[in-house]
Amino acid sequence: MSKTLILNFHPATTPSRVNAALARAVADLPQTQIVAMSEALDGEGLFDNEAEAQRLFDADRIVLQFPIQWYAPPALLANWQAQLLTYLFYIEPELGAKLEGKPVMVAATAGNLPQAYTAEGINGFALEELLYPLRATAKRTGLDWHQPHLVYNANQLSEDELAAEAERYSRRITQFAQQTALIDA
Ligand SMILES: Cc1cc2nc3c(=O)[nH]c(=O)nc-3n(C[C@H](O)[C@H](O)[C@H](O)COP(=O)(O)O)c2cc1C
C-alpha cells in the first residue's frame, strides 16, 4: 500500500484552467488522492487541524500543488502553513514528528516564461529560488524535499499544450510514487 496525497491550493477567489486540468489528469491514478484545499475551510476560513493532520499521517508522500501568485504560493497555502504546521510543529510537536522523512514535492504553475525567471530576466529570480521558503519549511519539518514540478507560460497554453502538460504531470506523479515507494521488508 503506497498512497500519494496531492493538496491543491488553488484559491477559490480566481478561476482555474491549468491547475484544474492537472488535477483531472491525476485524479484516477492508483492510490492517489487529490484534495481541493479551498473546499476544506470551515465557515470561519479555518482548516480542521485534526482532519488535516490525519490526511498527512495517512499519506506516504505529499504533493503541494498551486499557481504562483505575486511571486509566491497563494495565501491559501500560507494560511495552511500558519495554521496546520504551527499546530503540528509548535503546539503538538510529538504529532509533527510523525511526518519525519515523508517525501514532499511542489507542483507549481506560473504565468510567465522560463526566461523571465532568470537573474537577467524580468522577474530577477529562478522560480526554484522563489520556492526557497517552502524548501526551508520542509527542512524544518523533517520532510524529504524533491525537485519541484514546474509549468511555465500557464496562461498561454493552447489546448494541445495543456493536454501535454497534463500528461507530463501524470507521468511525474507516477514517477514520484515509484521513486519513493516503500519497500516491504
Ligand atoms: C493574482 C495573481 C497573481 C499572479 N502572479 C503571478 C506571478 O507573480 N508570476 C507568474 O509567473 N504568474 C503569476 N500569475 C499567473 C498565474 O500563475 C497563472 O494564472 C496560473 O498559474 C494559471 O493556473 P490556473 O489556470 O490554474 O489559475 C498570477 C495570477 C493571478 C491571478
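Whatever order the structure lists them in is the order used to number ligands and atoms, beginning at 1. Keep in mind it's a predicted model, so treat the numbers as computed, not measured.
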Heavy-atom count check: over 12 atoms from other residues, nucleotides or ligands less than 6.0 Å from [X] [atom1]?
X   : atom1 : answer
E50 : CD    : no
F57 : CZ    : yes
D42 : CG    : yes
I91 : CD1   : yes

Does NZ or CZ of R140 come closer than 6.0 Å to the centre of the six-membered ring of Y90, within 45° of the ring's axis?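 So R140 does make the cation-pi contact.
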With a cut-off of 4.0 Å, which atoms of ligand 1 are near a heavy atom of [X]?
X    : answer
R17  : 24 (P), 25 (O), 26 (O)
A110 : 11 (O), 17 (O), 21 (O)
P67  : 20 (C), 21 (O)
S16  : 24 (P), 25 (O), 26 (O), 27 (O)

Measure the distance from [atom] to every protein heavy atom, then report the residue, atom name and distance (to 0.1 Å) of the closest one.
atom                    : answer
atom 12 (N) of ligand 1 : G111 N, 3.1 Å
atom 8 (O) of ligand 1  : Y71 N, 2.8 Å
atom 5 (N) of ligand 1  : W70 N, 2.8 Å
atom 27 (O) of ligand 1 : H10 NE2, 2.6 Å
atom 30 (C) of ligand 1 : Q69 NE2, 3.9 Å
atom 21 (O) of ligand 1 : T109 OG1, 2.6 Å
atom 14 (N) of ligand 1 : I68 O, 3.4 Å
atom 18 (C) of ligand 1 : N155 OD1, 3.4 Å

Just to be sure I read this right, does ligand 1 sit under 4.0 Å from the backbone of Y117, its side chain, both, or neither, counting only heavy atoms?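 Y117 to ligand 1: side-chain contact only, backbone stays beyond 4.0 Å.
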Which one holds for A154 and ligand 1: side chain close, backbone close, both close, or neither close, with close meaning a heavy atom under 4.0 Å?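 The side chain, only.
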Do E39 and M37 have side chains that approach each other closer than 4.5 Å (heavy atoms only, starting at C-beta)?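 They are not in side-chain contact.
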Do [X] and [Y] have a side chain donor and acceptor closer than 3.5 Å?
X   : Y    : value
N19 : T109 : yes
Q69 : T14  : yes
N79 : Q83  : no

Counting only nitrogen or oxygen atoms and a 3.5 angstrom limit, does [X] reach ligand 1?
X    : value
V18  : yes
A20  : no
N112 : yes

Under 4.5 Å side-chain heavy-atom separation, chaining through any Ile, Leu, Val, Met, Phe, Trp or Tyr, what else clusters with L157? Say none if it is isolated.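 Other cluster members: I6, V18, L22, V26, L29, I34, V63, M105, V151, L162, Y169, I173, F176.
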Let's go through E165 and R172 carefully: what are the C-alpha distance in whole Å and the side-chain angles of both, what is the deciding distance for salt bridge (charged side-chain N to carboxylate O under 4.0 Å, His left out) to 0.1 Å, and is it a yes or a no? CA-CA 10 Å; E165 284 295 347; R172 179 68 200 277; over 6 Å; no
Can P15 be said to touch ligand 1, with heavy atoms closer than 4.0 Å?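 Within the 4.0 Å threshold, so yes.
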For side-chain contact (heavy atoms from CB on, under 4.5 Å), just list the numbers for E129 and Y117, CA-CA rounded to whole Å, side-chain angles, deciding distance to a tenth of an Å, and then say yes or no. CA-CA 9 Å; E129 292 178 294; Y117 284 102; over 6 Å; no
Out of N19, V151, T14, who is nearest to atom 23 (O) of ligand 1 when you count heavy atoms only?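 Closest candidate by heavy-atom distance is N19.
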